[in-house]
Amino acid sequence: MAYPIHRMRRLRATEPLRSLVRETHLAPSQFILPLFVCPGEGVRREISAMPGNFQLSIDELVKDCAEAASLGIGGVILFGLPESKDEVASGAYAEDGIVQRAVRAIKREVPRLLVITDVCNCEYTSHGHCGKVVNGDVDNDATLEWLAASAVSHARAGADIVAPSDMMDGRVAAIRKALDAAGFANTPILSYAAKFASVFYGPFREAAESAPQFGDRRSYQMDPANGREAMREIELDIEEGADIVMIKPALPYLDLIRMARDRFDVPIAAYQVSGEFSMIVAAARNGWLDRDRAMLESLTAIRRAGASIILTYFARDAARLL
Ligand code: PBG
């Protein structure tokens, strides 16, 4: 005998009532803003498929970081566009690489801002793959050395967290071991634990100039059809020492965010990727949906599914609205 005793609409009647019973809250401190750093000075080049996002030279990057800090955003994650690319991704682990210099500049100018570095090779290899290519495929174990060296160089530059996104097996353990050996036992690892071979990374590859020059990433990134396998990936990364695990993309994979939240007791992050951002922005530009509401609804859904941290290109806009 539910109705008319129970009327679900009672608690929806006014905003104060809705606010009182709201289960999920957004706060700027939960957001991480992805930023793209490139060589030069005074460079602020808009990424055409990601309006409002730019390739920034270090001097400009520092300005955006100061703004992010003043908005109370949880932190930034950096992606680098090196001066030149080669077969061995030298720019990824060079002590004076673009990301390493950027981290030093941010730590000097905006010391209170949390800085995460993306640890991967695809922006640094001439072929655009995430590791060392041997016989037409990425060689897992050879790539681990590059990743470990990158992570250590980022930590040495002052990164607060390192975030491997390459999907090589064993990289969390390799990075943990290298960080500890170099005196960075306290640098956390945020692993892109369940990262899918997704079409939604399209705009990012323009932003980071990291599209593979042959083939695709399906021999290392996950098949979008596999949820149980995602739980195994996460479990292994936790065993190897990941402090925070991430699921990526976010909105098409809410089921896996929820599954991971229920199973694992580490902080869960989700990456609302470039394509998720661009779809909303494009639809809004066409007048097909309301940009702000679509942004907040998508972020709320990702939090409701169980992510405590969201990497999102909306970090600034959402922080301003909240
Ligand atoms: C690097 C990396 C990618 C993204 C984050 N780190 C691209 C890829 O794997 O091709 C995608 C982020 C986005 O789409 O916003 N490996």
Side-chain angles (χ1 to χ4, degrees), residues 34 36 49-50 77 79-81 85-89 92 118-148 150 163-175 189-240 242 245-257 259-260 268-279 311:
F36 301 95
M50 300 172 70
I77 181 162
F79 297 94
L81 290 94
K85 303 176 189 245
D86 59 30
E87 290 280 301
V88 294
D118 182 84
V119 176
C120 196
N121 299 302
C122 59
E123 297 123 56
Y124 306 92
T125 50
S126 40
H127 45 68
H129 276 289
C130 297
K132 182 171 184 176
V133 171
V134 178
N135 297 329
D137 194 14
V138 175
D139 186 277
N140 193 89
D141 297 10
T143 301
L144 298 182
E145 283 173 38
W146 299 357
L147 296 167
S150 297
S165 68
D166 51 283
M167 289 301 280
M168 297 303 119
D169 291 319
R171 95 275 207 194
V172 172
I175 289 172
I189 298 174
L190 186 173
S191 105
Y192 288 64
K195 176 175 176 178
F196 289 86
S198 172
V199 72
F200 295 107
Y201 307 153
F204 172 97
R205 292 181 187 167
E206 176 206 330
E209 298 173 11
S210 65
Q213 300 303 304
F214 63 90
D216 55 41
R217 304 210 200 289
R218 282 183 287 185
S219 80
Y220 42 104
Q221 297 182 349
M222 287 189 61
D223 182 340
N226 294 357
R228 287 189 293 269
E229 186 186 337
M231 297 306 112
R232 283 198 72 207
E233 282 282 6
I234 294 170
E235 190 173 22
L236 287 169
D237 279 9
I238 294 172
E239 278 172 23
E240 288 181 30
V245 293
M246 183 149 69
I247 290 148
K248 173 188 174 183
L251 213 53
Y253 297 84
L254 292 183
D255 55 330
L256 304 184
I257 297 175
M259 223 186 272
I268 308 268
Y271 199 143
Q272 182 179 47
V273 301
S274 55
E276 297 178 69
F277 169 84
S278 299
M279 283 195 296
L311 282 67

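The shown structure was predicted, so the numbers you read here are calculated from the model rather than taken from an experiment. Side-chain atoms are counted along with the backbone in the values below, which use heavy atoms only and exclude waters and symmetry mates.
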[X] to [Y] - nearest heavy-atom pair and separation:
| X | Y | value |
| --- | --- | --- |
| Ser191 | Val172 | CB-CG2, 3.7 Å |
| Leu147 | Cys120 | CD2-CA, 4.2 Å |
| Ile257 | Ala250 | CD1-O, 4.0 Å |
| Arg217 | Cys122 | NH2-CB, 3.7 Å |
| Ser219 | Asp137 | OG-OD1, 2.7 Å |
| Ala193 | Glu233 | O-CB, 3.4 Å |

So, taking the atom named [atom1] in [X] and the one named [atom2] in [Y], what distance separates them when rounded to the nearest 0.5 Å?
| X | Y | atom1 | atom2 | answer |
| --- | --- | --- | --- | --- |
| Thr143 | Asn121 | OG1 | CG | 6.5 Å |
| Leu190 | Leu311 | CG | CG | 7.0 Å |
| Ile189 | Ile238 | CD1 | CD1 | 12.5 Å |
| Tyr271 | Lys248 | OH | NZ | 5.5 Å |
| Glu123 | Phe36 | CD | CZ | 8.0 Å |
| Leu256 | Phe196 | CG | CZ | 5.0 Å |

Apply side chain to side chain contact (heavy atoms under 4.5 Å, CB included) to Cys130 and Met167, showing your working.
CA-CA 8 Å; Cys130 297; Met167 289 301 280; over 6 Å; no

Are the side chains of [Y] and [X] in contact, using a 4.5 Å heavy-atom criterion?
| X | Y | value |
| --- | --- | --- |
| Arg205 | Ser274 | no |
| Tyr201 | Gln221 | yes |
| Glu87 | His127 | yes |
| Tyr192 | Arg171 | yes |
| His129 | Phe214 | yes |
| Asp86 | Thr125 | no |
| Phe200 | Pro252 | yes |
| Ile247 | Ile234 | yes |

Once the angle between the rings of Phe204 and Phe79 is folded into 0 to 90°, is it parallel (under 30°), tilted (30 to 60°) or perpendicular (over 60°)?
perpendicular

Keeping the roles fixed (side chain from [X], backbone from [Y]), state whether a donor-acceptor pair exists under 3.5 Å.
| X | Y | result |
| --- | --- | --- |
| Glu206 | Pro203 | no |
| Asn226 | Glu229 | no |
| Ser165 | Asp118 | no |
| Glu209 | Ala207 | no |
| Glu276 | Leu251 | yes |

Assess whether atom CD of Glu145 is packed by more than 12 heavy atoms of other residues, nucleotides or ligands within 6.0 Å.
no

Verify the neighbour count for atom NZ of Lys85: are there more than 12 heavy atoms of other residues, nucleotides or ligands below 6.0 Å?
yes

